Number of protein chains: 2
Amino acid sequence: MYSALYNHINRFIDLSNDEQEILASLLKSFSFKKKAFLHEAGETCRANYFVVKGCLRLYFIDIKGAEQTTQFAIENWWISDLTSFIFQKPSDFYIQAAEATEVIIIERRNYDELFEQLPKMEKYFRLIFQKLHQASQMRIKYLYSQTAEERYTSFNSLFPEFVQRVPQYMLASYLGFTPEFLSKIRAKK
Amino acid sequence: MYSALYNHINRFIDLSNDEQEILASLLKSFSFKKKAFLHEAGETCRANYFVVKGCLRLYFIDIKGAEQTTQFAIENWWISDLTSFIFQKPSDFYIQAAEATEVIIIERRNYDELFEQLPKMEKYFRLIFQKLHQASQMRIKYLYSQTAEERYTSFNSLFPEFVQRVPQYMLASYLGFTPEFLSKIRAKK
DNA sequence: CTCATTTCTTAAACTAGATTAAGTTTTTTG
DNA sequence: CAAAAAACTTAATCTAGTTTAAGAAATGAG
């Protein structure tokens, strides 16, 4: 049922079968069709989402009405509007399935419960957030050091398979430019 | 000696005196003059730095030779090039004192030791990295949703005291534009 | 207190990337 | 499979922010 998540956790800490069962009591799993919304702006973010299969994106609508994708999550990764999730405040973000996607979720009250019942999970999430922070530091460095064209070129050579998985307009907003500009870059090749 | 850090930790978890002593054995503290380097590009980042007093900035030199400030840390906050620190690989970043600064540091080997000797600290750092991730999500959202001028205006009204503490050229690169453009914005008021 | 260095400003010329708008291709759905 | 919707392309025009360069103001060190 939750084996994808157990496997991921066991890369970082050891969970016994008993502990897996406690964990299981705090999880739920869902499937979403492509383009389905797990969460919409205006709502409070109810869960932290672990992608078992597929792809989710976190985005918001800017003042000009354009979708700005700020984060993607694929297999074996977590995604949420953390501020909304932690403080249970309304969110500006949407979380949408970019492909048909299976997720395992932890709801807000179970998130606190998790750390009380399984203190071991502190280490797991410490390591997850540590990695997320590493990723953010690198992302910000790339945003500040490269032109739009360089960002596309280097992202494309680092993650060629991923570039094929999502529509170009989602990728363009993630990389910080317009879909039209992405077409222009691609036409040059 | 390390009371600023103990106080900070005690906002999140309870540490006994005995535990504080164990922690103390894994820490060091230093003072740096304004403009001193705690870490330079090319070196491997030796520590995770907690600012007791003052201000540190993390920056790199871009292809054009300009300094790009990607992060600041002031009182009661942590800063490091995490990727370099964790994997002990050479860093592209500098960490410099933007003011005379007192820090408490955890060196790499003591960072692992810390979690072995004081598993409680997993929760503390889980919460620290969780907050850092929240801050990154907000930062990226602001970078994608606002013009340069709006970023300055909103940063200035959110953190007016901080804006006074650092030179404008550091702030400009943190907000993602040139010092000349910042002068232009300010002249308009 | 003074000279040197660092920081900030101004302004003209420039450009990377946005905007607008229309047309084309691909994908989805009934 | 046909029609509609979604995604992508092209090209002309435009603009927010950069670049370059020089001078002014502030800060700091001896």
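Only a predicted model underlies this, so the values are computations on that prediction, with no experimental measurement involved. Proteins get letters first, then strands, A, B, ... in listed order; numbering begins at 1 in each.
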* Structure fact -> Here the distance between atom P of D/dG28 and atom NZ of B/Lys33, to the nearest Å, is 13 Å
* **C/dA18 phosphate, OP1 or OP2, under 4.0 Å from A/Thr178 side-chain N/O** => yes
* Do A/Lys53 and A/Glu99 sit within salt-bridge range, that is, some charged N less than 4.0 Å from a carboxylate O? -> no
* **d(OH, A/Tyr169; P, C/dT27) in whole Å** => 14 Å
* Whole angstrom is fine here: how far is it from CD1 in B/Ile63 over to C1' in D/dT19? => 14 Å
* To do: Could you check how far CZ of B/Arg186 sits from C1' of C/dA11, rounded to whole Å?
  => 18 Å
* What is the distance from NZ of B/Lys64 to C1' of D/dT18, rounded to the nearest Å? -> 7 Å
* To do: Would you sort out whether B/Glu102 and B/Lys28 count as a salt bridge (Lys or Arg N to Asp or Glu O under 4.0 Å), showing the intermediate values?
  => CA-CA 11 Å; B/Glu102 294 165 29; B/Lys28 294 182 181 172; over 6 Å; no
* Structure fact -> Nearest-nucleotide check on DNA chain D, A/Pro179 vs B/Gln146; residue mapping nearer the 5' end is A/Pro179
* B/Lys35 side chain, from C-beta outward: closest of C/dT7, D/dA7, D/dG17 -> C/dT7
* To do: Test the A/Arg57-A/Tyr59 pair against the cation-pi criterion, namely NZ or CZ under 6.0 angstrom from the six-membered ring centroid and within 45° of the ring axis.
  => yes
* Looking for any heavy atom pair under 4.0 Å, which part of the strands does B/Phe177 touch: base, sugar-phosphate only, or nothing? -> sugar-phosphate
* Structure fact -> Between NZ of A/Lys34 and C1' of C/dT27 the distance, given in whole Å, is 8 Å
* Separation of A/Gln168 atom CD from D/dT10 atom C1', in whole Å? -> 14 Å
* **Side-chain (B/Gln88) to main-chain (B/Phe85) donor-acceptor, under 3.5 angstrom** => yes
* To do: Return the value, rounded to whole Å, for the distance between atom OH of B/Tyr144 and atom P of D/dA16.
  => 20 Å
* Structure fact -> Taking C/dT10, C/dT20, D/dG17 as options, the one with an atom nearest any side-chain atom of A/Glu180 is C/dT20
